[in-house]
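Written below as structure tokens is the structure these notes are about.
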Amino acid sequence: MNTKELEGKHIAVLLSGGVDSAVAVHQLAELGLKPDCFYIKIGGSPDPSHDGEEWDCSMEEDMEMATSVAHKYGCRLEVVDCHREYWEQVTRYTMEKVKAGLTPNPDVMCNRLIKFGAFDEKRGKDYDLIATGHYAQTEEEEKEEVVNGKLSNCKLKWLCTAPDPVKDQTDFLAQIYDWQLRKAVFPIGHLMKDEVRAIAEREHLVNAKRKDSQGICFLGKINYNEYVRRYLGEQPGNVIELETGKRIGQHKGLWFHTIGQRHGLGFGGGPWFVVKKDMAENVLYVSHGYDPETAYSQEFKIRDMHWLTRDMWSEVQDITFKIRHTPEFQRGKMSPLSPSTFLIRSEKPIHGVAPGQFCVIYDEQHHRCFGSAEITL
């Protein structure tokens with residue numbers, strides 16, 4: 001966190017009730033700052049028939065934690081209701097992708113559309129900077145760029161990885177817009193998770209030992225398949241072994257399965273891996289074995305490349321990248337097919353490359369995050 005960029009700035013903190021955002025408030029308070037805190041409400045279902053305890057998530061507990069933290073540091077806390085925007089934007093995105101047989105990431109789009117989007121439209125626009133508890137860093141660079149035919153000095157802001165490889169969340173931030181990145185501040189991004197916990201315990205924060213949230217938070221007790229079923233229903237079809245053409249069972253809907261999936265298939269004689277979906281024929285193709293060759297890919301295309309800081313389509317070649325949230329980075333090459341479409345060649349075969357996933361692009365040292373794009377096979 002660049003303390004100089006905070007001087008004289010009006011700062012909003014997105015306070016979730018978790019330990020990470022609580023320590024983010026502490027870090028700012030340690031610098032003598034008193035930011036305004038905001039809790040974004042997204043829980044619950046827009047369909048009254050779905051309301052109730054099972055959709056409640058942990059909002060009540062979140063609010064208690066957030067209120068306690070804001071009070072401890074003398075900060076104002078305000079609830080901003082982005083419930084409708086979440087269900088109209090993020091849920092619509094998710095369901096459209098799932099229905100098309102793709103593997104979307106709602107959390108990635110939540111950052112772009114809600115935390116740095118709808119919130120900014122409602123309240124964030126009144127602030128110079130928006131701080132969150134993400135594990136990510138930024139760095140600024142002075143660079144000479146040609147703008148409108150003239151050479152000028154430009155100040156660039158890059159999204160950079162956190163030192164904690166397990167908690168690094170740059171992949172979840174790789175679809176935000178450049179103006180959103182310029183407003184973003186990550187006060188705990190330079191810390192390891194155990195350091196964050198230690199600070200919280202030392203400062204006697206109410207959520208010091210609270211467990212990290214898992215999965216898509218607003219679903220509460222509803223699992224992901226039930227979430228999809230309520231919007232798309234079921235559409236049974238055949239399950240075919242790719243290599244032999246043998247029918248081995250029936251699925252309840254292609255949208256309940258992802259490429260590379262092994263668990264929860266429920267077919268006898270396994271193990272089975274999902275390797276392909278035929279949306280037109282409503283057929284799920286699987287391969288047999290613990291690690292079938294058909295579960296791996298070494299080359300794939302990405303489309304609609306979203307550059308975070310600046311367009312680099314003609315410059316980037318040797319890269320590191322991720323296709324899912326893991327500590328490991330893959331090495332490979334990135335070749336332009338058009339200004340927004342690229343071919344990714346991985347040094348090693350990768351398991352479970354699925355259309356709809358985001359491929360997140362980094363430099364060779366996996367330090368700077370350049371942006372991300374949707375995988376298309």
Side-chain angles (χ1 to χ4, degrees), residues 1-44 56-86 90 110-138 169 173 176-177 179-191 196-197 199-210 212-213 217-218:
M1 181 174 62
N2 181 0
T3 55
K4 285 188 176 180
E5 74 170 322
L6 306 180
E7 293 176 2
K9 297 293 176 67
H10 198 24
I11 305 171
V13 180
L14 301 186
L15 196 54
S16 67
V19 66
D20 297 329
S21 60
V23 174
V25 175
H26 168 79
Q27 294 293 95
L28 294 173
E30 284 283 276
L31 298 173
L33 303 169
K34 190 182 286 188
D36 288 337
C37 298
F38 294 89
Y39 177 86
I40 298 179
K41 178 186 174 184
I42 60 172
D56 188 27
C57 192
S58 55
M59 181 179 169
E60 188 174 331
E61 186 180 354
D62 287 342
M63 280 299 301
E64 289 177 2
M65 302 281 184
T67 301
S68 173
V69 171
H71 178 74
K72 179 180 177 69
Y73 294 102
C75 300
R76 189 172 64 86
L77 176 65
E78 179 182 330
V79 177
V80 177
D81 191 344
C82 294
H83 165 234
R84 181 62 57 184
E85 288 81 1
Y86 189 97
V90 179
C110 181
N111 283 318
R112 173 173 170 166
L113 299 172
I114 305 300
K115 292 179 182 176
F116 294 98
F119 169 74
D120 196 85
E121 291 175 16
K122 293 190 172 190
R123 294 294 283 111
K125 62 188 176 186
D126 300 325
Y127 293 81
D128 302 309
L129 299 171
I130 298 174
T132 71
H134 284 102
Y135 287 83
Q137 301 185 95
T138 60
Q169 293 173 302
L173 294 161
I176 65 174
Y177 296 111
W179 66 266
Q180 294 172 327
L181 178 59
R182 287 195 295 270
K183 289 186 71 168
V185 178
F186 308 114
I188 66 164
H190 61 293
L191 299 172
V196 170
R197 289 279 184 198
I199 291 171
E201 291 189 20
R202 186 190 72 215
E203 300 300 321
H204 305 292
L205 298 183
V206 66
N207 47 16
K209 295 185 178 180
R210 194 182 191 197
D212 292 343
S213 60
C217 73
F218 71 90

What heavy-atom pair brings [X] and [Y] nearest, and what distance separates the two atoms?
| X | Y | result |
| --- | --- | --- |
| I130 | G124 | CD1-CA, 4.2 Å |
| W179 | F116 | CH2-O, 3.5 Å |
| M63 | V79 | CE-CG2, 3.5 Å |
| G8 | D128 | O-OD2, 4.3 Å |
| I188 | Q27 | CG2-CG, 4.2 Å |

Separation between [atom1] of [X] and [atom2] of [Y], rounded to the nearest 0.5 Å:
| X | Y | atom1 | atom2 | answer |
| --- | --- | --- | --- | --- |
| S21 | L15 | OG | CG | 4.5 Å |
| L181 | I176 | CG | CD1 | 5.0 Å |
| L113 | Q180 | CG | CD | 8.0 Å |
| R182 | Y177 | CZ | OH | 13.5 Å |

Can you confirm whether [X] sits close enough to [Y] that some side-chain heavy atom of one is under 4.5 Å from a side-chain heavy atom of the other?
| X | Y | result |
| --- | --- | --- |
| F119 | I114 | no |
| I199 | H26 | yes |
| V23 | L205 | yes |
| Y73 | E203 | yes |
| L6 | L28 | yes |
| S16 | L14 | no |

Among residues two or more places apart or on two chains, list those pairs meeting salt bridge (Lys or Arg N to Asp or Glu O under 4.0 Å) that have a residue in residues 14-34.
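Residue pairs with at least one partner in residues 14-34: D20-K193.
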Who are the side chain to side chain donor-acceptor pair (under 3.5 Å) partners of [X], not counting sequence neighbours?
| X | value |
| --- | --- |
| T67 | none |
| E85 | K122 |
| R197 | D212 |
| E78 | R76, R123 |

N/O donor-acceptor pair under 3.5 Å between [X] side chain and [Y] backbone:
| X | Y | answer |
| --- | --- | --- |
| K183 | D120 | no |
| K72 | S68 | no |
| E201 | A208 | no |

Name all residues meeting the ring pair (Phe, Tyr, Trp, His ring centres under 6.0 Å) criterion together with Y127; count only those two or more places apart in sequence or in a different chain, and write none if there are none.
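Y127: ring pair (Phe, Tyr, Trp, His ring centres under 6.0 Å) contacts with H10, F38.
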When you look at D62 and R210, which way does the salt bridge (Lys or Arg N to Asp or Glu O under 4.0 Å) test go after all the steps?
CA-CA 10 Å; D62 287 342; R210 194 182 191 197; 2.8 Å; yes
Can you list the steps and then say if H134 with L173 is a side-chain contact (heavy atoms from CB on, under 4.5 Å)?
CA-CA 9 Å; H134 284 102; L173 294 161; 3.9 Å; yes
If we check side-chain contact (heavy atoms from CB on, under 4.5 Å) with N207, which of these qualifies: M65, E61, E64?
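Looking at M65, E61, E64, the match for N207 under the side-chain contact (heavy atoms from CB on, under 4.5 Å) is M65.
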